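What follows is a short report on a single structure.
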Protein chains: 2
Amino acid sequence: MQLTALGYALIGLVLGEPRSGYALRKVFELTPMGAYSSSPGSIYPALNKLVKAGLLEQRAPAAGGKKKFHATPHGVREMNDWLRTPVTQEEVAKSIDLPLLKFAFLPMAEDVRVTREFLSGFEAAVRAHIESLESYLTGPEGQSLSPHGRLAVENGLLGYKAHVDWAMRASEAFK
Amino acid sequence: MQLTALGYALIGLVLGEPRSGYALRKVFELTPMGAYSSSPGSIYPALNKLVKAGLLEQRAPAAGGKKKFHATPHGVREMNDWLRTPVTQEEVAKSIDLPLLKFAFLPMAEDVRVTREFLSGFEAAVRAHIESLESYLTGPEGQSLSPHGRLAVENGLLGYKAHVDWAMRASEAFK
DNA sequence: CCAACCATGTAAGCTGTTACATGATTGA
DNA sequence: TCAATCATGTAACAGCTTACATGGTTGG
(Lines give C-alpha, C1' and ligand atoms only; values in the text may rest on other atoms or scores of the structure.)
Protein backbone atom coordinates (compact mmCIF):
# COMPACT_ATOMS: atom_id res chain seq x y z
CA MET A 1 0.00 0.00 0.00
CA GLN A 2 2.93 2.35 0.60
CA LEU A 3 1.84 4.99 3.05
CA THR A 4 3.69 8.18 3.90
CA ALA A 5 5.87 8.48 6.98
CA LEU A 6 3.09 10.41 8.64
CA GLY A 7 0.61 7.65 7.83
CA TYR A 8 2.75 4.97 9.44
CA ALA A 9 3.42 7.21 12.41
CA LEU A 10 -0.30 7.74 12.96
CA ILE A 11 -1.21 4.06 12.71
CA GLY A 12 1.70 3.11 14.96
CA LEU A 13 0.69 5.61 17.60
CA VAL A 14 -2.94 4.52 17.79
CA LEU A 15 -1.84 0.88 17.84
CA GLY A 16 0.06 1.66 21.01
CA GLU A 17 -2.95 3.46 22.43
CA PRO A 18 -6.09 4.79 20.76
CA ARG A 19 -6.06 8.57 20.62
CA SER A 20 -8.01 11.51 19.31
CA GLY A 21 -6.66 13.62 16.48
CA TYR A 22 -5.75 16.31 18.91
CA ALA A 23 -3.86 13.90 21.17
CA LEU A 24 -1.91 12.73 18.12
CA ARG A 25 -0.97 16.31 17.28
CA LYS A 26 0.33 16.77 20.81
CA VAL A 27 2.64 13.81 20.38
CA PHE A 28 4.26 15.47 17.38
CA GLU A 29 4.45 18.79 19.17
CA LEU A 30 5.95 17.54 22.39
CA THR A 31 8.20 14.61 21.51
CA PRO A 32 11.10 13.93 19.14
CA MET A 33 8.48 12.53 16.77
CA GLY A 34 8.02 16.16 15.84
CA ALA A 35 10.30 15.47 12.89
CA TYR A 36 7.31 13.74 11.28
CA SER A 37 5.57 17.01 11.22
CA SER A 38 2.59 18.31 12.84
CA SER A 39 -0.10 20.91 12.55
CA PRO A 40 -3.77 20.41 11.81
CA GLY A 41 -3.31 20.97 8.10
CA SER A 42 -1.44 17.73 7.67
CA ILE A 43 -2.69 15.49 10.45
CA TYR A 44 -6.45 15.76 10.04
CA PRO A 45 -6.45 15.17 6.29
CA ALA A 46 -4.03 12.28 6.79
CA LEU A 47 -6.30 10.73 9.42
CA ASN A 48 -9.34 11.05 7.20
CA LYS A 49 -7.47 9.43 4.36
CA LEU A 50 -6.50 6.50 6.56
CA VAL A 51 -10.11 6.10 7.65
CA LYS A 52 -11.27 6.13 4.04
CA ALA A 53 -8.63 3.54 3.22
CA GLY A 54 -10.04 1.34 5.98
CA LEU A 55 -6.88 1.34 8.09
CA LEU A 56 -8.24 3.37 10.98
CA GLU A 57 -11.68 3.89 12.47
CA GLN A 58 -13.12 6.30 14.98
CA ARG A 59 -14.84 4.68 17.94
CA ALA A 60 -16.33 5.98 21.17
CA PRO A 61 -14.96 4.09 24.18
CA ALA A 62 -17.40 1.86 26.10
CA ALA A 63 -17.25 4.01 29.24
CA GLY A 64 -18.28 7.21 27.45
CA GLY A 65 -15.87 9.93 26.50
CA LYS A 66 -14.82 11.25 23.12
CA LYS A 67 -14.14 9.33 19.99
CA LYS A 68 -10.70 7.98 19.42
CA PHE A 69 -8.93 6.52 16.43
CA HIS A 70 -8.32 2.79 16.49
CA ALA A 71 -6.51 0.63 13.97
CA THR A 72 -8.74 -1.76 12.03
CA PRO A 73 -7.62 -5.34 11.36
CA HIS A 74 -6.68 -4.13 7.91
CA GLY A 75 -4.59 -1.37 9.48
CA VAL A 76 -2.88 -3.85 11.78
CA ARG A 77 -2.06 -6.07 8.82
CA GLU A 78 -0.70 -3.15 6.82
CA MET A 79 1.50 -2.15 9.73
CA ASN A 80 2.79 -5.67 10.21
CA ASP A 81 3.64 -5.96 6.55
CA TRP A 82 5.57 -2.73 6.70
CA LEU A 83 7.40 -3.71 9.88
CA ARG A 84 8.60 -6.91 8.24
CA THR A 85 9.78 -5.26 5.04
CA PRO A 86 13.58 -5.12 5.21
CA VAL A 87 15.28 -1.74 5.04
CA THR A 88 17.04 -1.08 1.75
CA GLN A 89 20.18 0.89 1.03
CA GLU A 90 18.15 3.33 -1.07
CA GLU A 91 15.92 4.05 1.87
CA VAL A 92 18.93 4.67 4.08
CA ALA A 93 20.49 6.95 1.48
CA LYS A 94 17.33 8.99 1.20
CA SER A 95 16.72 9.46 4.89
CA ILE A 96 17.41 7.41 7.96
CA ASP A 97 14.28 8.72 9.63
CA LEU A 98 11.75 6.35 8.12
CA PRO A 99 13.73 3.21 9.08
CA LEU A 100 14.02 4.57 12.60
CA LEU A 101 10.32 5.23 12.79
CA LYS A 102 9.82 1.62 11.82
CA PHE A 103 12.16 0.49 14.55
CA ALA A 104 10.24 2.48 17.14
CA PHE A 105 7.07 0.58 16.23
CA LEU A 106 8.57 -2.89 16.03
CA PRO A 107 7.12 -3.98 19.41
CA MET A 108 3.75 -4.04 17.60
CA ALA A 109 4.96 -7.07 15.69
CA GLU A 110 4.94 -8.96 19.00
CA ASP A 111 7.87 -11.10 18.00
CA VAL A 112 11.48 -10.34 18.92
CA ARG A 113 12.64 -12.00 15.74
CA VAL A 114 11.18 -9.14 13.74
CA THR A 115 13.33 -6.74 15.72
CA ARG A 116 16.38 -8.90 15.22
CA GLU A 117 15.75 -9.12 11.50
CA PHE A 118 15.20 -5.41 11.27
CA LEU A 119 18.49 -4.70 13.01
CA SER A 120 20.55 -7.02 10.87
CA GLY A 121 18.96 -5.67 7.70
CA PHE A 122 19.37 -2.10 8.86
CA GLU A 123 23.01 -2.65 9.69
CA ALA A 124 23.66 -4.26 6.32
CA ALA A 125 21.93 -1.43 4.45
CA VAL A 126 23.88 1.22 6.33
CA ARG A 127 27.17 -0.62 5.80
CA ALA A 128 26.44 -0.87 2.08
CA HIS A 129 25.77 2.83 1.93
CA ILE A 130 28.97 3.57 3.83
CA GLU A 131 30.88 1.54 1.29
CA SER A 132 29.36 3.43 -1.60
CA LEU A 133 30.27 6.75 0.02
CA GLU A 134 33.80 5.54 0.65
CA SER A 135 34.27 4.34 -2.90
CA TYR A 136 32.98 7.69 -4.10
CA LEU A 137 35.62 9.43 -1.97
CA THR A 138 38.45 7.23 -3.22
CA GLY A 139 37.20 7.29 -6.81
CA PRO A 140 38.00 9.88 -9.49
CA GLU A 141 35.06 12.12 -8.54
CA GLY A 142 36.07 12.14 -4.92
CA GLN A 143 39.69 12.94 -5.67
CA SER A 144 38.73 16.22 -7.29
CA LEU A 145 36.46 17.22 -4.42
CA SER A 146 37.01 20.50 -2.59
CA PRO A 147 38.10 20.24 1.05
CA HIS A 148 34.66 21.43 2.07
CA GLY A 149 32.93 18.92 -0.15
CA ARG A 150 35.09 16.13 1.18
CA LEU A 151 34.41 17.14 4.77
CA ALA A 152 30.69 17.23 4.08
CA VAL A 153 30.81 13.65 2.79
CA GLU A 154 32.94 12.63 5.75
CA ASN A 155 30.35 14.10 8.05
CA GLY A 156 27.81 11.81 6.44
CA LEU A 157 30.13 8.86 6.89
CA LEU A 158 30.57 9.56 10.59
CA GLY A 159 26.82 9.72 11.01
CA TYR A 160 26.30 6.39 9.27
CA LYS A 161 29.06 4.78 11.32
CA ALA A 162 27.24 5.92 14.44
CA HIS A 163 24.15 4.13 13.12
CA VAL A 164 26.14 0.93 12.66
CA ASP A 165 27.48 1.13 16.21
CA TRP A 166 23.99 1.70 17.47
CA ALA A 167 22.61 -1.26 15.52
CA MET A 168 25.30 -3.53 16.95
CA ARG A 169 24.61 -2.42 20.49
CA ALA A 170 20.86 -2.71 20.01
CA SER A 171 21.27 -6.22 18.62
CA GLU A 172 22.93 -7.21 21.89
CA ALA A 173 19.87 -6.03 23.75
CA PHE A 174 17.55 -8.26 21.71
CA LYS A 175 19.66 -11.40 21.55
CA MET B 1 14.38 35.23 -0.17
CA GLN B 2 14.31 31.72 1.30
CA LEU B 3 14.90 29.25 -1.47
CA THR B 4 14.44 25.52 -1.32
CA ALA B 5 17.34 23.16 -0.71
CA LEU B 6 17.32 22.34 -4.40
CA GLY B 7 17.49 26.04 -5.26
CA TYR B 8 20.56 26.60 -3.11
CA ALA B 9 22.15 23.45 -4.44
CA LEU B 10 21.66 24.60 -8.03
CA ILE B 11 23.07 28.09 -7.45
CA GLY B 12 25.99 26.69 -5.47
CA LEU B 13 26.85 24.21 -8.20
CA VAL B 14 26.85 26.75 -11.02
CA LEU B 15 28.86 29.15 -8.86
CA GLY B 16 31.56 26.51 -8.68
CA GLU B 17 31.34 26.00 -12.42
CA PRO B 18 28.69 27.02 -14.96
CA ARG B 19 26.76 24.00 -16.17
CA SER B 20 23.84 23.00 -18.35
CA GLY B 21 20.63 21.66 -16.85
CA TYR B 22 21.60 18.20 -17.93
CA ALA B 23 25.03 18.47 -16.34
CA LEU B 24 23.36 19.53 -13.11
CA ARG B 25 21.08 16.50 -13.21
CA LYS B 26 24.13 14.28 -13.59
CA VAL B 27 25.62 15.71 -10.42
CA PHE B 28 22.55 14.65 -8.47
CA GLU B 29 22.52 11.27 -10.11
CA LEU B 30 26.16 10.42 -9.63
CA THR B 31 27.25 12.02 -6.36
CA PRO B 32 26.10 12.00 -2.73
CA MET B 33 24.25 15.22 -3.58
CA GLY B 34 21.62 12.83 -4.88
CA ALA B 35 19.85 13.34 -1.57
CA TYR B 36 18.77 16.72 -2.94
CA SER B 37 16.85 14.90 -5.53
CA SER B 38 16.97 14.75 -9.14
CA SER B 39 14.96 14.03 -12.23
CA PRO B 40 13.90 16.44 -14.94
CA GLY B 41 10.54 17.08 -13.33
CA SER B 42 12.07 18.95 -10.45
CA ILE B 43 15.31 20.37 -11.80
CA TYR B 44 14.14 22.09 -14.97
CA PRO B 45 11.21 23.88 -13.35
CA ALA B 46 13.49 24.88 -10.45
CA LEU B 47 16.07 26.29 -12.86
CA ASN B 48 13.44 28.25 -14.74
CA LYS B 49 12.14 29.67 -11.51
CA LEU B 50 15.62 30.79 -10.49
CA VAL B 51 16.07 32.46 -13.88
CA LYS B 52 12.74 34.25 -13.50
CA ALA B 53 13.78 35.36 -10.03
CA GLY B 54 16.94 36.84 -11.53
CA LEU B 55 19.34 34.60 -9.61
CA LEU B 56 20.58 32.59 -12.59
CA GLU B 57 20.97 33.30 -16.28
CA GLN B 58 21.70 31.17 -19.30
CA ARG B 59 24.67 32.25 -21.38
CA ALA B 60 26.54 30.79 -24.32
CA PRO B 61 30.28 30.62 -23.64
CA ALA B 62 32.54 32.92 -25.69
CA ALA B 63 34.22 30.02 -27.49
CA GLY B 64 30.95 28.53 -28.81
CA GLY B 65 29.30 25.51 -27.29
CA LYS B 66 25.95 25.14 -25.58
CA LYS B 67 24.33 27.47 -23.15
CA LYS B 68 25.13 27.11 -19.51
CA PHE B 69 23.61 28.48 -16.34
CA HIS B 70 25.56 31.19 -14.56
CA ALA B 71 24.80 32.94 -11.29
CA THR B 72 23.85 36.60 -11.64
CA PRO B 73 25.22 39.20 -9.19
CA HIS B 74 21.86 38.97 -7.48
CA GLY B 75 22.26 35.20 -7.25
CA VAL B 76 25.74 35.60 -5.78
CA ARG B 77 24.42 38.02 -3.18
CA GLU B 78 21.55 35.71 -2.28
CA MET B 79 23.99 32.84 -1.83
CA ASN B 80 26.33 34.89 0.32
CA ASP B 81 23.49 35.99 2.55
CA TRP B 82 22.44 32.42 3.02
CA LEU B 83 25.98 31.22 3.72
CA ARG B 84 26.32 33.80 6.47
CA THR B 85 23.00 33.02 8.13
CA PRO B 86 23.78 31.04 11.28
CA VAL B 87 22.34 27.54 11.64
CA THR B 88 19.53 27.30 14.19
CA GLN B 89 18.56 24.46 16.46
CA GLU B 90 15.21 24.21 14.69
CA GLU B 91 16.96 23.67 11.39
CA VAL B 92 19.12 20.96 12.92
CA ALA B 93 16.10 19.28 14.47
CA LYS B 94 14.28 19.26 11.16
CA SER B 95 17.10 17.89 9.07
CA ILE B 96 20.86 18.11 9.19
CA ASP B 97 21.06 18.00 5.41
CA LEU B 98 20.45 21.65 4.63
CA PRO B 99 23.14 22.89 7.06
CA LEU B 100 25.55 20.44 5.50
CA LEU B 101 24.71 21.61 2.02
CA LYS B 102 25.53 25.09 3.22
CA PHE B 103 28.85 23.91 4.58
CA ALA B 104 29.75 22.34 1.26
CA PHE B 105 29.28 25.69 -0.46
CA LEU B 106 31.07 27.86 2.10
CA PRO B 107 34.22 28.27 -0.06
CA MET B 108 32.06 30.54 -2.25
CA ALA B 109 32.10 33.07 0.57
CA GLU B 110 35.84 33.45 -0.05
CA ASP B 111 36.57 34.14 3.59
CA VAL B 112 37.66 31.48 6.09
CA ARG B 113 35.96 33.36 8.86
CA VAL B 114 32.59 32.45 7.37
CA THR B 115 33.54 28.79 7.64
CA ARG B 116 34.71 29.25 11.20
CA GLU B 117 31.50 31.02 12.14
CA PHE B 118 29.43 28.36 10.47
CA LEU B 119 31.19 25.62 12.39
CA SER B 120 30.85 27.25 15.78
CA GLY B 121 27.19 28.03 15.14
CA PHE B 122 26.56 24.54 13.83
CA GLU B 123 28.20 22.95 16.82
CA ALA B 124 26.20 25.10 19.21
CA ALA B 125 22.93 24.31 17.45
CA VAL B 126 23.63 20.58 17.50
CA ARG B 127 24.66 20.68 21.16
CA ALA B 128 21.47 22.52 22.03
CA HIS B 129 19.44 19.90 20.24
CA ILE B 130 21.30 17.11 22.01
CA GLU B 131 20.44 18.70 25.33
CA SER B 132 16.78 18.93 24.45
CA LEU B 133 16.75 15.24 23.47
CA GLU B 134 18.51 14.31 26.68
CA SER B 135 16.14 16.26 28.84
CA TYR B 136 13.28 14.59 27.01
CA LEU B 137 14.75 11.19 27.89
CA THR B 138 15.27 12.04 31.56
CA GLY B 139 11.91 13.84 31.84
CA PRO B 140 8.53 12.26 32.64
CA GLU B 141 7.74 11.55 28.98
CA GLY B 142 11.03 9.81 28.47
CA GLN B 143 10.67 7.68 31.58
CA SER B 144 7.53 6.06 30.23
CA LEU B 145 9.07 5.35 26.84
CA SER B 146 9.16 1.81 25.49
CA PRO B 147 12.62 0.23 25.13
CA HIS B 148 12.28 0.58 21.37
CA GLY B 149 11.29 4.21 21.59
CA ARG B 150 14.16 4.94 23.92
CA LEU B 151 16.61 3.22 21.62
CA ALA B 152 15.30 5.19 18.65
CA VAL B 153 15.93 8.45 20.48
CA GLU B 154 19.35 7.22 21.55
CA ASN B 155 20.13 6.50 17.93
CA GLY B 156 19.38 10.11 17.16
CA LEU B 157 21.61 11.22 20.01
CA LEU B 158 24.53 9.16 18.74
CA GLY B 159 24.12 10.69 15.31
CA TYR B 160 24.12 14.23 16.68
CA LYS B 161 27.14 13.49 18.82
CA ALA B 162 28.96 12.37 15.69
CA HIS B 163 28.11 15.73 14.15
CA VAL B 164 29.61 17.53 17.14
CA ASP B 165 32.80 15.49 16.87
CA TRP B 166 32.97 16.27 13.19
CA ALA B 167 32.48 20.00 13.79
CA MET B 168 35.29 20.04 16.33
CA ARG B 169 37.65 18.23 14.00
CA ALA B 170 36.68 20.43 11.07
CA SER B 171 37.26 23.55 13.17
CA GLU B 172 40.84 22.41 13.70
CA ALA B 173 41.30 22.27 9.94
CA PHE B 174 40.19 25.90 9.50
CA LYS B 175 41.94 27.48 12.47
C1' DC C 1 -15.37 36.59 32.42
C1' DC C 2 -11.53 35.79 29.94
C1' DA C 3 -7.43 33.44 28.71
C1' DA C 4 -5.79 29.15 27.70
C1' DC C 5 -6.40 24.99 25.93
C1' DC C 6 -9.32 21.24 23.71
C1' DA C 7 -10.74 19.89 19.15
C1' DT C 8 -11.41 19.80 14.15
C1' DG C 9 -11.23 21.29 10.13
C1' DT C 10 -10.66 24.06 5.13
C1' DA C 11 -8.20 26.66 1.30
C1' DA C 12 -4.36 28.46 -1.22
C1' DG C 13 -0.04 27.71 -2.61
C1' DC C 14 4.41 25.49 -3.24
C1' DT C 15 7.43 21.55 -4.18
C1' DG C 16 8.39 17.48 -5.61
C1' DT C 17 7.36 12.81 -7.84
C1' DT C 18 6.21 9.87 -11.67
C1' DA C 19 5.42 9.25 -16.14
C1' DC C 20 5.35 10.67 -20.60
C1' DA C 21 7.05 13.13 -24.78
C1' DT C 22 10.36 14.89 -28.01
C1' DG C 23 14.32 15.34 -30.66
C1' DA C 24 19.62 15.72 -31.44
C1' DT C 25 24.06 13.57 -31.34
C1' DT C 26 27.44 10.00 -31.17
C1' DG C 27 29.99 5.76 -30.98
C1' DA C 28 30.12 0.77 -32.23
C1' DT D 1 21.93 2.03 -38.40
C1' DC D 2 20.69 1.54 -33.96
C1' DA D 3 21.27 1.90 -29.12
C1' DA D 4 22.80 4.89 -25.78
C1' DT D 5 23.29 9.14 -24.10
C1' DC D 6 22.65 14.17 -24.44
C1' DA D 7 19.18 17.55 -23.57
C1' DT D 8 14.82 19.72 -22.20
C1' DG D 9 10.69 19.82 -21.06
C1' DT D 10 5.17 19.09 -19.63
C1' DA D 11 1.10 17.20 -17.04
C1' DA D 12 -1.17 14.84 -13.40
C1' DC D 13 -0.96 14.05 -8.89
C1' DA D 14 0.39 13.75 -3.98
C1' DG D 15 1.82 15.83 0.13
C1' DC D 16 2.95 19.31 3.19
C1' DT D 17 2.92 24.24 5.00
C1' DT D 18 0.75 28.36 6.37
C1' DA D 19 -2.95 30.74 7.54
C1' DC D 20 -7.49 31.10 8.58
C1' DA D 21 -12.01 29.68 10.68
C1' DT D 22 -14.91 27.77 14.18
C1' DG D 23 -16.68 26.47 18.46
C1' DG D 24 -16.50 23.98 23.20
C1' DT D 25 -14.52 23.57 27.91
C1' DT D 26 -12.15 24.80 32.02
C1' DG D 27 -9.49 27.07 35.61
C1' DG D 28 -8.16 31.32 37.89
Side-chain angles (χ1 to χ4, degrees), chain A residues 1-11 13-14 17-30 33-53 55-61 64-70 90-91 93-95 97-98 101, chain B residues 1-11 13-14 18-30 33-53 55-61 64-70 88 90-91 93-95 97-98 101:
Chain A
M1 187 138 205
Q2 252 319 63
L3 304 177
T4 64
L6 182 54
Y8 289 117
L10 291 171
I11 299 180
L13 284 171
V14 303
E17 178 194 333
R19 294 171 218 250
S20 68
Y22 185 79
L24 288 163
R25 269 180 65 198
K26 288 285 134 182
V27 173
F28 293 107
E29 255 173 45
L30 303 173
M33 298 244 322
Y36 302 97
S37 171
S38 53
S39 59
S42 53
I43 289 179
Y44 289 109
L47 283 169
N48 292 332
K49 244 188 48 183
L50 292 171
V51 168
K52 254 175 231 154
L55 305 175
L56 294 185
E57 60 183 353
Q58 247 179 324
R59 286 209 311 259
K66 24 208 126 116
K67 282 193 284 187
K68 294 179 171 184
F69 289 95
H70 296 245
E90 294 73 48
E91 242 178 314
K94 203 175 165 204
S95 160
D97 288 354
L98 194 56
L101 182 70
Chain B
M1 185 137 207
Q2 253 318 66
L3 304 177
T4 64
L6 182 54
Y8 288 118
L10 292 170
I11 299 180
L13 285 171
V14 303
R19 297 165 146 106
S20 68
Y22 185 79
L24 287 163
R25 270 181 62 199
K26 288 284 134 182
V27 173
F28 293 107
E29 254 173 45
L30 302 174
M33 297 243 323
Y36 301 96
S37 169
S38 53
S39 56
S42 53
I43 288 179
Y44 289 109
L47 283 169
N48 292 332
K49 245 188 48 182
L50 292 170
V51 169
K52 255 176 229 153
L55 305 175
L56 294 184
E57 61 184 354
Q58 246 178 325
R59 287 207 311 258
K66 24 208 128 118
K67 282 192 284 187
K68 293 178 174 186
F69 288 97
H70 296 246
T88 64
E90 293 74 48
E91 242 178 314
K94 205 177 163 200
S95 160
D97 289 354
L98 193 56
L101 182 71

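All values reported here derive from a predicted model rather than from experimental measurement. Just so it is clear: chains get the letters A, B, ... in the order the sequence lines come, proteins before strands, and each one is counted from 1. Quick note: numbers below take in every heavy atom, side chains included, and nothing from hydrogens, waters or symmetry partners.
The CG atom of B:Leu24 sits 15 Å away from the C1' atom of D:dG9 (whole-angstrom rounding). Whole-Å rounding puts the A:Leu56 CG to C:dT8 P distance at 13 Å. Taking atom CD1 on A:Ile43 and atom C1' on D:dT18, their separation rounds to 14 Å, with Å as the unit. Remark: P of D:dA4 and OH of B:Tyr22 are 13 Å apart, rounded to the nearest angstrom. In this structure, NZ of A:Lys68 is placed 16 Å from C1' of C:dT8, rounded to the nearest angstrom. Regarding A:Arg25, its CZ atom lies at a distance of 8 Å from the C1' atom of C:dA7, rounded to whole Å. Per the geometry, CZ belonging to B:Phe28 stands 18 Å off C1' belonging to D:dC6, to the nearest Å. The interatomic distance linking B:Leu50 (CG) with C:dC14 (P) rounds to 15 Å, in whole Å.
Residues passing the side chain to side chain contact (heavy atoms under 4.5 Å, CB included) test with A:Lys67 are A:Gln58, A:Ala60, sequence neighbours excluded. Every residue two or more places apart in sequence or in another chain that forms a side chain to side chain contact (heavy atoms under 4.5 Å, CB included) with B:Ala93 is listed here: B:His129. By the side chain to side chain contact (heavy atoms under 4.5 Å, CB included) test, A:Ser20 is found to be paired with A:Tyr22, A:Ala23, residues two or more places apart in sequence or in another chain being considered. Checked against side chain to side chain contact (heavy atoms under 4.5 Å, CB included), A:Asn48 has no partners two or more places apart in sequence or in another chain. Every residue was checked against the ring pair (Phe, Tyr, Trp, His ring centres under 6.0 Å) condition with B:Tyr44, not counting sequence neighbours, and none meets it.
Inter-residue side-chain proximity for B:Leu3 and B:Leu55 is flagged as met; some heavy-atom pair is nearer than 4.5 Å.
A salt bridge links A:Glu29 to A:Lys26: at least one charged side-chain nitrogen sits closer than 4.0 Å to a carboxylate oxygen.
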**OP:** Would you mind building the protein contact string for nucleotides 10-15 of chain D? One character per nucleotide, 5' to 3', B for base within reach (heavy atoms under 4.0 Å), S for sugar-phosphate only, - for untouched.
**Re:** B----S
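Contact check, B:Lys66 against D:dA7: a side-chain N or O comes under 4.0 Å of OP1 or OP2. Close to C:dC5, at under 4.0 Å from its OP1 or OP2, lies no side-chain N or O of A:Lys26. Checking the phosphate oxygens (OP1, OP2) of D:dT8, no side-chain nitrogen or oxygen of B:Lys67 falls inside 4.0 Å.
Mapped onto DNA chain D by nearest heavy atom, B:Lys94 and B:Phe69 fall at different nucleotides, with B:Phe69 at the one closer to the 5' end.
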